[in-house]
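For reference, the structure is listed below as structure tokens.
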Amino acid sequence: MRPLYGLLSVLGCALAADPVLAQQPAAEQQPLVEQLMRNQERLLQKIDELQNRVDQLEGRLNTATPTPAPRQQTAVAPPARARPRAPQPAAPPSATPVAGAAPTPLPGAPSGSVAAATPPAQAAAPSPATVEQSIAAALNPNIPGLLPPEPMGNQYENEDALRSDLPGIAIRIPSTETEVRVYGFAKISSYYDLSGRNQTDAPTAQTIPLNNSAADAQGGEFAMTARYSRIGVDTRSLTDWGTLETRIEGDFAGGTTTNAQFRMRQAWAELGTAEFRVLAGQANSLWNEGVFETLLDATNLNQSFIRQAQIRATGRLAPGLTGMVSIEAPDTQYTSVAGVFTQNTTTNGASPAFNTAPDLLGRLTYRDDGLVAEARGMLRRLSVRTAGTAASPPNLDLNATGWGFAANVGVPMRWLWDGFGADQVLGMAYYGQGIGRYFAGNTSGQDALTNIGLPGVVGGSLNALPTYGAIAAYRRFWTPQLRSNFAYAYSRQDYPSYALEFVPGSAAALGLNRDMQQVFVNLIWSPFGAISNGSFGSGAVDVGLEYVFTRRDLFGGSAAAGSAGAGLGVANRIVGAVVGRF
């Protein structure tokens, strides 16, 4: 039906009924009417031509435009890696698509994307299918051959005990084989001391107040902080040699509770495959082990959270078995009657603590059906050079060898009975000499002791400090969202007898902790937590409450403490924390 014909009929009738025309004589009316009819016929011919052209255009558009495909509910995987293709010339604007022919792919577009026959001005616009694929590739990185991101706080990858299985916010960079991940967490912690006043939100076992000290007389206090919140950026790029991963990570724990300062935690690059890869930069030491889950923002007894410059190689030795070796930055730390010395100690000039070789570390990890078993070891060289320092004369060149080994295991309780669910029993033990720096929560500056400066000592000796300890822990899941950790840790240092001659009450004497113990009990609620096949995922939020008991006994007892307090210290702390991860 053509509405133009109806309009002309109305016009014709209106003209025929024109009163002026009706008043004309019959002889004069006839030529006018004939002229009007001829004009109407020519106008109808023009309209027919226009209508035919409109019909042709509509038919072409219907033929060239494909029926839109239904929107996919799953992410579209990006194409497999291939060499770039040369751009293809676009079809001439006058080209007319043949009805029923397959749509022409966009030049350089992924397989399956098409372009409709459009005017030249619109030919470069991507089709909806192409746009949807680009968005899916960006939001759902799935690059074949690219290693997947590791969990942010994997307990068994020499990370800290604040675990998370979240991959972070990962984005595929369009038109590249690189993805970027932003991850981290916001954490607020609070504490209240039930015994002596300990003015730190990160108390180590070695520094709790001694009984009968001034801090003990004041009693406990309450504090809050958010400075342990963390943020990191991780990139992964596919290369001919495997995945190149880089990571920059920091937190705000470089200052105090009320004056937080941003600090670098990690900065490294790693290249390779799941079979073999090499890392260079500042990363977690191969000696690190959190062992059990805790809310306290401190390096706890027998735990190790050292981060330092290193070169590391990782290889898959067998199914489930991974081997790692590293060359790591050294830092000789020793204690003498004059106090604690590290390589950066600048009291009265240069430090006598000297580094002559990197630390060598190795680690083996085995995983199978929830079982995790690890062994690690290290070899170090400790040196003291007194020439040019306040410790001279005499000019001494002393050396000692440090070494140590440790093993830890996590056993799923479902092996005994399925009713235990995701419960775990955890254990760790170690022994070594000259490894005190790697247990920063146990001792301060006690890789070794020296008798330099003591009365009657002409030369001097450097003695690597023997140390050993163990942890036993149990992780109990009351529900998939509610869990508890119970842990006990014990550590002992065997000091040379000359340490009894250190000045009572001095920093050197108060740092000689012969025996230390620590107990943890906590309750953590993860509203988005879930258990699948015996494995637990904490999700984005943790809310927890924790009780921490700590005791330390000085070498030499009250005689070593002098007027600073009793020969032992006992601390009781309640910790609360809320963690939100991304």
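This one's a predicted model, so the numbers in the text were calculated from it and none came from an experiment. The figures here come from the full heavy-atom set of this structure, side chains too, leaving out hydrogens, waters and symmetry mates.
Not counting sequence neighbours, the partners of Asp447 by the salt bridge (Lys or Arg N to Asp or Glu O under 4.0 Å) test are Arg380. Partners of Phe354 under the ring-ring contact (aromatic ring centres under 6.0 Å, His included) rule, at least two apart in sequence or in another chain, do not exist in this structure. Under the side-chain hydrogen bond (donor to acceptor under 3.5 Å, both in side chains) criterion, Arg197 pairs with Gln218, Glu221, not counting sequence neighbours. In this structure, the side-chain hydrogen bond (donor to acceptor under 3.5 Å, both in side chains) partners of Asn300, at least two apart in sequence or on a different chain, are Gln303. Legend: residues meeting side-chain hydrogen bond (donor to acceptor under 3.5 Å, both in side chains) with Ser526, ordered by chain and number and at least two apart, are Arg483, Asp542. The side-chain hydrogen bond (donor to acceptor under 3.5 Å, both in side chains) test applied to Ser484 returns Trp478, not counting sequence neighbours. Under the ring-ring contact (aromatic ring centres under 6.0 Å, His included) criterion, Phe420 pairs with Trp417, not counting sequence neighbours. Under the ring-ring contact (aromatic ring centres under 6.0 Å, His included) criterion, Phe262 pairs with Phe252, sequence neighbours left out. Every residue meeting the side-chain contact (heavy atoms from CB on, under 4.5 Å) condition with Asn451, not counting sequence neighbours, appears here in chain and number order: Leu454, Val457, Ser461, Tyr498. Annotation: ring-ring contact (aromatic ring centres under 6.0 Å, His included) contacts of Phe555 (sequence neighbours excluded): Tyr495.
Judged by distance alone, the side chains of Thr365 and Glu374 do bring a donor and an acceptor atom under 3.5 Å apart. Gln343 and Ser351 are not linked by any side-chain donor-acceptor pair at a separation below 3.5 angstrom, with hydrogens and angles left out of the test. With hydrogens and angles left out, the side-chain atoms of Gln282 and Gln266 include no donor and acceptor closer than 3.5 Å. Residues Asn485 and Glu293 have side chains that bring a donor and an acceptor to within less than 3.5 angstrom of each other. Judged purely by distance below 3.5 Å, without hydrogens or angles, the side chains of Asn288 and Arg307 never pair a donor atom with an acceptor atom. Using modelled atom types, one finds no donor on one side chain facing an acceptor on the other under 3.5 Å when comparing Thr273 with Glu275. If you check the side chains of Tyr191 and Asn198, you find no donor sitting under 3.5 Å from an acceptor. Side-chain contact annotation: Gln206 with Thr443, donor-acceptor N/O pair under 3.5 Å absent. Side-chain contact check for Gln517 and Thr550: no donor-acceptor pair (N or O, by modelled atom type) lies under 3.5 Å. Side-chain N/O atoms of Thr356 and Arg381 include a donor and acceptor closer than 3.5 Å.
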Exercise for review: Test Leu523 against Leu482 for side-chain contact (heavy atoms from CB on, under 4.5 Å), laying out the working first.
Suggested key: CA-CA 7 Å; Leu523 182 65; Leu482 192 65; 3.9 Å; yes

Practice item. Apply the test side chain to side chain donor-acceptor pair (under 3.5 Å) to residues Glu249 and Tyr183: give CA-CA distance (whole Å), side-chain angles for both, the deciding distance (0.1 Å), then the verdict. Key: CA-CA 9 Å; Glu249 178 186 280; Tyr183 67 92; 2.6 Å; yes

Check your understanding: Can you check side-chain contact (heavy atoms from CB on, under 4.5 Å) on Ile248 and Trp268, steps first, answer last?
Key -> CA-CA 7 Å; Ile248 303 292; Trp268 50 260; over 6 Å; no

**Study point:** Chi angles and distances behind the side-chain contact (heavy atoms from CB on, under 4.5 Å) call for Thr225, Ile188
**Key:** CA-CA 6 Å; Thr225 183; Ile188 182 169; over 6 Å; no

Point to revise | Thr246/Asp234 under side-chain contact (heavy atoms from CB on, under 4.5 Å): CA gap, chis, key distance, verdict | key: CA-CA 6 Å; Thr246 66; Asp234 186 290; over 6 Å; no

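The closest side-chain heavy-atom distance from Val521 to Phe549 is not below 4.5 Å. Between Met324 and Leu364 the shortest side-chain heavy-atom distance does not fall below 4.5 Å. Within the 4.5 Å cutoff, side-chain heavy atoms of Phe477 are placed close to those of Phe536. Looking at Leu286 and Arg376, their side chains never come closer than 4.5 Å, going by heavy atoms from C-beta outward. Two residues are said to be in side-chain contact when any heavy atoms from C-beta on lie closer than 4.5 Å; Tyr474 and Met413 meet this criterion. In this structure the side chain of Leu382 never reaches within 4.5 angstrom of the side chain of Asn399, judged on heavy atoms. With contacts defined as side-chain heavy-atom distances shorter than 4.5 Å, the pair Pro358/Glu328 does not qualify. Side-chain contact between Pro466 and Gln493 is absent, with no heavy atoms from C-beta onward closer than 4.5 Å.
Nearest heavy atom pair, residue Ser304 against residue Trp287, reads OG-CD1, 3.6 Å.
Ion pair Glu289/Arg363 flagged as a salt bridge, since at least one NZ, NE, NH1 or NH2 atom sits closer than 4.0 Å to an Asp/Glu carboxylate oxygen. Using a 4.0 Å cut-off between charged nitrogen and carboxylate oxygen, Asp423 and Arg414 do not count as a salt-bridge pair. Ionic pairing of Asp297 and Lys187 is present here: one or more N-O contacts between side-chain nitrogen and carboxylate oxygen are shorter than 4.0 angstrom.
Here the OG-CG distance, from Ser558 to Leu568, works out to 7.0 Å after rounding to the nearest 0.5 Å. Between the CG atom in Asp359 and the OG atom in Ser285 there is a gap of 8.0 Å [rounded to 0.5 Å]. Here the straight-line distance linking atom CG of Asn355 with atom OG of Ser383 works out to 7.5 Å at 0.5 Å rounding.
Without hydrogens or angle criteria, Glu270 side chain to Gly281 main chain gives no donor-acceptor distance under 3.5 Å. Although no hydrogens or angles enter the test, the distance criterion places no donor-acceptor pair under 3.5 Å between the side chain of Arg437 and the main chain of Gln446. The main-chain N or O of Leu301 is found under 3.5 Å from a side-chain atom of Gln518 such that the two form a donor-acceptor pair. At distances below 3.5 Å, not a single donor-acceptor pair connects side-chain atoms of Gln333 with backbone N or O atoms of Val340. For Arg277 (side chain) and Gly272 (main-chain N/O), no donor-acceptor pair under 3.5 Å exists by modelled atom type. In this structure a side-chain-to-backbone donor-acceptor pair under 3.5 Å is missing from Thr243 to Glu245. Side chain of Arg581 to main chain of Gly539: a donor-acceptor pair is present (N/O by atom type, distance under 3.5 Å, no hydrogens or angles).
Residue-environment remark: CH2 (Trp525) stays at or below the threshold of 12 foreign heavy atoms within 6.0 Å. Other residues, nucleotides and ligands contribute at most 12 non-hydrogen atoms within 6.0 Å of the CD1 atom of Ile327.
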Output side-chain donor-acceptor pairs under 3.5 Å for residues 425-434, partner residues at least two apart or in another chain, one line each.
unit_1, atom_1, unit_2, atom_2, d
Tyr430, OH, Asn302, OD1, 3.1
Tyr430, OH, Asn442, ND2, 3.2
Tyr430, OH, Tyr468, O, 3.4
Tyr430, OH, Ser491, OG, 3.1

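Among the candidates Leu295, Val579, Leu545, the single residue satisfying the side chain to side chain contact (heavy atoms under 4.5 Å, CB included) test with Ile524 is Leu295.
Listed by first and then second residue, the salt bridge (charged side-chain N to carboxylate O under 4.0 Å, His left out) pairs that reach into residues 498-521 are Arg492-Asp515, sequence neighbours excluded.
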